[in-house]
Student: 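I'd like to ask you about the structure that follows.
The chains referred to below are lettered A, B, ... by the order of the sequence lines, with proteins before strands, and numbering in each begins at 1. Because only heavy atoms are used, hydrogens play no part in the values below, and waters and symmetry mates are left out as well, while side chains stay in. What you see is a predicted model, and the numbers here were worked out from it, not measured in a lab.
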2 protein chains.
Amino acid sequence: MESTRRLTPRRDPQQQRSKDRIQLILEVTARLMDEVGFDDLTTILIAKEAGMSVGTLYHYFPNKHSILRAIARNWLDHWDQVILEINALPIETMEMEEVVNILIDTFARVYQKQKGILHLVRAMFAIPELKDLDERHDEFIIANMANILPQIGINKSLTDRKYIARTYLEMTHALLLVACQQRGTRARQTLEDTRELVYCLFLRHL
Amino acid sequence: MESTRRLTPRRDPQQQRSKDRIQLILEVTARLMDEVGFDDLTTILIAKEAGMSVGTLYHYFPNKHSILRAIARNWLDHWDQVILEINALPIETMEMEEVVNILIDTFARVYQKQKGILHLVRAMFAIPELKDLDERHDEFIIANMANILPQIGINKSLTDRKYIARTYLEMTHALLLVACQQRGTRARQTLEDTRELVYCLFLRHL
DNA sequence: ACCTGAACACCGTTCAAGT
DNA sequence: ACCTGAACACCGTTCAAGT
């Protein structure tokens, strides 16, 4: 252990009451992140809004970043689960176009589902302590995509497929965030473009 | 004025000595940003490394963010200038492929030129006070791209062209940052992919 | 056993005093 | 006129004392 700071909750909650409080802290933090912004989000404010003292807050989370980390984890875990489900589909039997549709639709839903996604992504990018979470998740998505690619006809080396998967991931990430900030027709149009560009990327590496 | 915080240097430097010191602060900050990271970058450290007291630092910059803002401004200004130069080319006479090549090559050079580009982009994303800089710049690039598009055969409404330009900007931004983190063949491959995807995006909206 | 909040450490910023 | 750095405000974090 030594000087490495803990980023996980101090201890696993045993009682329902504790679990509720942790959940409450996460919800309050996610809400405040949207309301007061990232900079004015203080631990004392979070504690006050959650109806407890700072001390109690620190009883459940070892530091401020670990709260954001827990929110990020929930989101990334959901995403990981979704890619596993896609990977379990009978992809070899499908058209590439259909697979791309499923990928984009599912990913888009993952982004739209998370409240305050823009702030969360910003936090993951800005806070060094959250970088490892983001990186591990990226690698997980990339590994799964590298597994999907040969099933749609991209029979390259694993290294090459991982490389393609990274390009896929970064591109969709950027464009899905744009779509999250748009409404109605425009948002749908961006999804269409994303779909088409992914299709284009895959065709190029066939 | 009232309670709005100043983000520009306190006063325009009149003497060469002052200009040198401002330049020194910017260089030291850019270097430290890479060396100690974003979080451990304190004003006292910057002042010490620049061989002056905090007070003197604050004589030239009203606050910490304004230093990062000045670095960001320099980069964005360079970029703005580059897009103006491209816009001044006889684009109507060129093939779309050639135009895309020039765009990607030039943009890639803008990204590679900036020392610590990843930290800078992170700062622009994370610090709300720098958001307006980024937004104004985005709009400038988008306006110029919207002007270039009809010259390569994309004759849509201004709104539609701006929309295409945003997709172009976000996509290239994401992928050029990826390329900055890669080396040699891989980096070149990412540039190739970016080129191809932009080409694909433009063809789609022809 | 769990909670509180004053106290501590640290960093951004200021300003009275020095040259 | 310019510079210094102790002092102040504020926020993350801790821990002795309370229930």
Side-chain angles (χ1 to χ4, degrees), chain A residues 1-22 24-25 28-29 32-33 36-71 123 126-130, chain B residues 1-22 24-25 28-29 32-33 36-71 123 126-130:
Chain A
M1 273 293 143
E2 298 189 27
S3 69
T4 41
R5 289 213 288 169
R6 306 192 54 179
L7 284 167
T8 44
R10 275 180 196 287
R11 55 204 197 86
D12 282 343
Q14 299 301 335
Q15 304 183 22
Q16 189 55 42
R17 181 181 157 77
S18 293
K19 288 182 189 172
D20 289 348
R21 294 204 118 180
I22 287 175
L24 178 66
I25 293 169
V28 164
T29 304
L32 286 175
M33 203 152 57
V36 305
F38 193 63
D39 278 13
D40 295 334
L41 187 73
T42 66
T43 47
I44 288 182
L45 178 64
I46 295 171
K48 202 200 292 178
E49 288 287 310
M52 61 188 74
S53 71
V54 235
T56 307
L57 182 73
Y58 276 87
H59 182 71
Y60 295 107
F61 292 93
N63 55 59
K64 185 180 166 181
H65 288 162
S66 67
I67 306 176
L68 296 170
R69 192 181 174 85
I71 297 175
I127 303 172
E129 278 100 329
L130 267 64
Chain B
M1 273 291 145
E2 297 191 28
S3 69
T4 42
R5 290 213 288 170
R6 305 191 54 177
L7 285 168
T8 45
R10 274 182 195 286
R11 54 203 198 87
D12 284 344
Q14 299 300 335
Q15 303 182 21
Q16 188 55 42
R17 180 181 156 76
S18 293
K19 289 183 189 171
D20 289 348
R21 294 204 117 179
I22 287 175
L24 178 66
I25 292 168
V28 165
T29 305
L32 286 175
M33 202 152 59
V36 304
F38 193 64
D39 277 14
D40 295 333
L41 186 73
T42 66
T43 47
I44 288 181
L45 178 63
I46 295 171
K48 202 200 291 179
E49 288 286 311
M52 61 186 75
S53 71
V54 235
T56 307
L57 181 74
Y58 276 87
H59 182 70
Y60 294 107
F61 292 94
N63 54 61
K64 184 181 169 183
H65 288 163
S66 67
I67 306 176
L68 297 169
R69 192 182 173 84
I71 296 174
I127 304 173
E129 279 100 327
L130 267 63

Student: Can you give the dot-bracket line for DNA chain D, using ( ) for pairs inside the strand, [ ] for pairs that cross earlier ones, | for pairs with another strand and . for unpaired bases, where Watson-Crick and G-U count if both distances are under 3.5 Å?
Tutor: ||.|||||...|||||.||

Student: Which pairs, with at least one residue in residues 51-60 of chain B and sequence neighbours excluded, count as a salt bridge (charged side-chain N to carboxylate O under 4.0 Å, His left out)?
Tutor: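 Non-adjacent pairs meeting salt bridge (charged side-chain N to carboxylate O under 4.0 Å, His left out): zero.
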
Student: OP1 or OP2 of C/dT14 versus the side-chain N and O atoms of B/Tyr58: is any pair under 4.0 Å?
Tutor: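 Checking C/dT14 against B/Tyr58, no side-chain N or O comes under 4.0 Å of OP1 or OP2.
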
Student: For B/Ile46, answer base if it contacts any base atom (sugar-phosphate contacts may also be present), sugar-phosphate if it contacts only those atoms, and nothing otherwise; contact means non-hydrogen atoms under 4.0 Å.
Tutor: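 No contact.
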
Student: Base, sugar-phosphate or nothing for B/Leu41? Non-hydrogen atoms, less than 4.0 Å.
Tutor: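 Here B/Leu41 touches the backbone only, sparing every base.
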
Student: Under the side-chain hydrogen bond (donor to acceptor under 3.5 Å, both in side chains) test, which residues partner A/Thr42, sequence neighbours left out?
Tutor: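 Expected list: none.
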
Student: Mind checking side chain to side chain contact (heavy atoms under 4.5 Å, CB included) for B/Val54 and listing every partner two or more places apart, or none if nothing turns up?
Tutor: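 Counting only residues at least two positions away or on another chain, B/Val54 forms a side chain to side chain contact (heavy atoms under 4.5 Å, CB included) with B/Thr43, B/Ile44, B/Tyr58.
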
Student: For nucleotides 3-6 of chain D, give me every protein contact, N/O to N/O, under 3.5 Å, one pair per line with atom names.
Tutor:
from  : atom 1 : to      : atom 2 : distance (Å)
D/dC3 : OP1    : B/Arg17 : NH2    : 3.0
D/dC3 : OP1    : B/Arg21 : NH1    : 2.6
D/dT4 : OP2    : B/Ser53 : N      : 3.0
D/dT4 : OP2    : B/Ser53 : OG     : 3.0
D/dT4 : OP2    : B/Thr56 : OG1    : 2.6
D/dG5 : O6     : B/Gly55 : N      : 3.4

Student: Please report, rounded to the nearest Å, how far the P atom of C/dC11 is from the NE2 atom of B/His65.
Tutor: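 Atom-to-atom, B/His65 to C/dC11, this comes out as 15 Å.
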
Student: Residues in side chain to side chain contact (heavy atoms under 4.5 Å, CB included) with B/Ala126, at least two apart?
Tutor: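 Only A/Ala126 meet the side chain to side chain contact (heavy atoms under 4.5 Å, CB included) criterion with B/Ala126.
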
Student: How would you list all residue pairs meeting salt bridge (charged side-chain N to carboxylate O under 4.0 Å, His left out) that involve residues 51-61 of chain B, not counting sequence neighbours?
Tutor: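 As it turns out, there is no salt bridge (charged side-chain N to carboxylate O under 4.0 Å, His left out) pair with a partner in residues 51-61 of chain B once direct neighbours are skipped.
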
Student: Could you check how far CG of B/Leu57 sits from P of C/dC11, rounded to whole Å?
Tutor: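 In whole Å, C/dC11 P lies 15 Å from B/Leu57 CG.
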
Student: Starting at NZ of A/Lys64 and ending at P of D/dT14, how long is that distance when rounded to a whole Å?
Tutor: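 Atom NZ in A/Lys64 sits about 15 Å away from atom P in D/dT14.
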
Student: Does B/Asp40 have any side-chain hydrogen bond (donor to acceptor under 3.5 Å, both in side chains) partners at least two apart in sequence or in another chain, and if so, which?
Tutor: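 side-chain hydrogen bond (donor to acceptor under 3.5 Å, both in side chains) check on B/Asp40 returns nothing, list empty.
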
Student: For A/Asp39 and D/dC11, what is the distance between atoms CG and C1' respectively, to the nearest whole Å?
Tutor: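 In whole Å, D/dC11 C1' and A/Asp39 CG are 12 Å from each other.
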
Student: Return the value, rounded to whole Å, for the distance between atom NZ of B/Lys48 and atom P of C/dC11.
Tutor: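 Distance check: B/Lys48 NZ to C/dC11 P gives 11 Å.
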
Student: Rounding to an integer number of Å, can you tell me how far B/Asp40 CG sits from C/dG12 P?
Tutor: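 To the nearest whole Å, that distance equals 10 Å.
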
Student: Let me know the distance between CG of B/Asn63 and P of D/dA9, rounded to the nearest Å.
Tutor: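 Distance, rounded to whole Å: 19 Å.
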
Student: Per the side chain to side chain donor-acceptor pair (under 3.5 Å) rule, what does the pair list look like for residues 44-54 of chain A, sequence neighbours excluded?
Tutor: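 Pairs touching residues 44-54 of chain A that pass the test: A/Arg31-A/Glu49, A/Ser53-A/Thr56.
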
Student: Would you mind telling me which of C/dG12, D/dT13, D/dC11 lies closest to the side-chain atoms of A/Thr42?
Tutor: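 For A/Thr42, the side-chain atoms sit closest to D/dC11.
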
Student: Do B/Arg69 and B/Ile127 have side-chain heavy atoms sitting under 4.5 Å apart?
Tutor: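 Result no, sub-4.5 Å side-chain heavy-atom pair not found.
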
Student: Which atoms form the tightest heavy-atom contact between B/Ile46 and B/Val28, and what is the distance?
Tutor: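 Closest heavy-atom pair between B/Ile46 and B/Val28: O-CG1, 3.9 Å.
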
